[in-house]
Amino acid sequence: MIKLLTFLLALVGALVIIVLSVDNRGMVELVFWPFPFTYQLPLYAVFLVGLVLGAVLGGTATWLQAHRSRRD
């Protein structure tokens, strides 16, 4: 039952990402002020990069907290 629920949630998440990507294909300019770097990216790429970075940083923070509590 848990595997089915996990699969269904992953499927819904994938559909949301696909709809987001198809709907937000417009190009945006990403500027790294005060540096002279500018990038032209599709809007969905900015969303997805933020989502992945948030997941990685959150997972790292959770792992570090658990590692520190196991060590003590």
Side-chain angles (χ1 to χ4, degrees):
M1 182 67 182
I2 299 285
K3 286 186 178 183
L4 177 63
L5 184 61
T6 303
F7 175 75
L8 290 175
L9 286 174
L11 185 64
V12 168
L15 287 173
V16 167
I17 289 173
I18 290 169
V19 169
L20 175 78
S21 298
V22 169
D23 194 37
N24 292 303
R25 289 179 291 173
M27 298 298 281
V28 294
E29 186 172 297
L30 190 62
V31 179
F32 294 106
W33 183 88
F35 303 110
F37 304 122
T38 59
Y39 295 103
Q40 289 283 337
L41 296 171
L43 185 59
Y44 71 88
V46 176
F47 290 142
L48 292 179
V49 167
L51 182 69
V52 168
L53 281 177
V56 168
L57 290 175
T60 302
T62 303
W63 179 80
L64 286 173
Q65 182 65 32
H67 181 69
R68 189 167 74 175
S69 67
R70 282 191 306 255
R71 189 180 57 172
D72 292 339

Members sharing Leu9's hydrophobic cluster (side chains within less than 4.5 Å): Leu5
Close side-chain approach of Val28 to Pro42, heavy-atom, < 4.5 Å: no
ILVMFWY cluster, Leu51 and Leu11 together (side-chain gap under 4.5 Å): no
Check: Leu20 main-chain N/O paired with Asn24 side-chain donor or acceptor under 3.5 Å: yes
Between CG on residue Asp23 and CD1 on residue Ile18, distance to nearest 0.5 Å: 13.5 Å
Criterion side chain to side chain contact (heavy atoms under 4.5 Å, CB included) on Thr38 and Leu30, from CA distance to verdict: CA-CA 6 Å; Thr38 59; Leu30 190 62; over 6 Å; no
Interatomic distance, Leu53 atom CG to Thr60 atom OG1 [nearest 0.5 angstrom]: 10.5 Å
Within one Ile-Leu-Val-Met-Phe-Trp-Tyr cluster: Val46 and Phe37, side-chain cutoff 4.5 Å: yes
Under the ring pair (Phe, Tyr, Trp, His ring centres under 6.0 Å) test, residues paired with Phe35 that sit two or more places apart: none
same_hphob_cluster(Leu41, Phe47) at 4.5 Å side-chain heavy-atom cutoff: yes
Pairwise distance OG1(Thr6) to CE(Met1) - rounded to 0.5 angstrom: 10.5 Å
Rounded distance [0.5 Å steps], OH in Tyr39 versus CD in Glu29: 12.0 Å
Same apolar cluster (I L V M F W Y, side chains within < 4.5 Å links), Val22/Val49: no
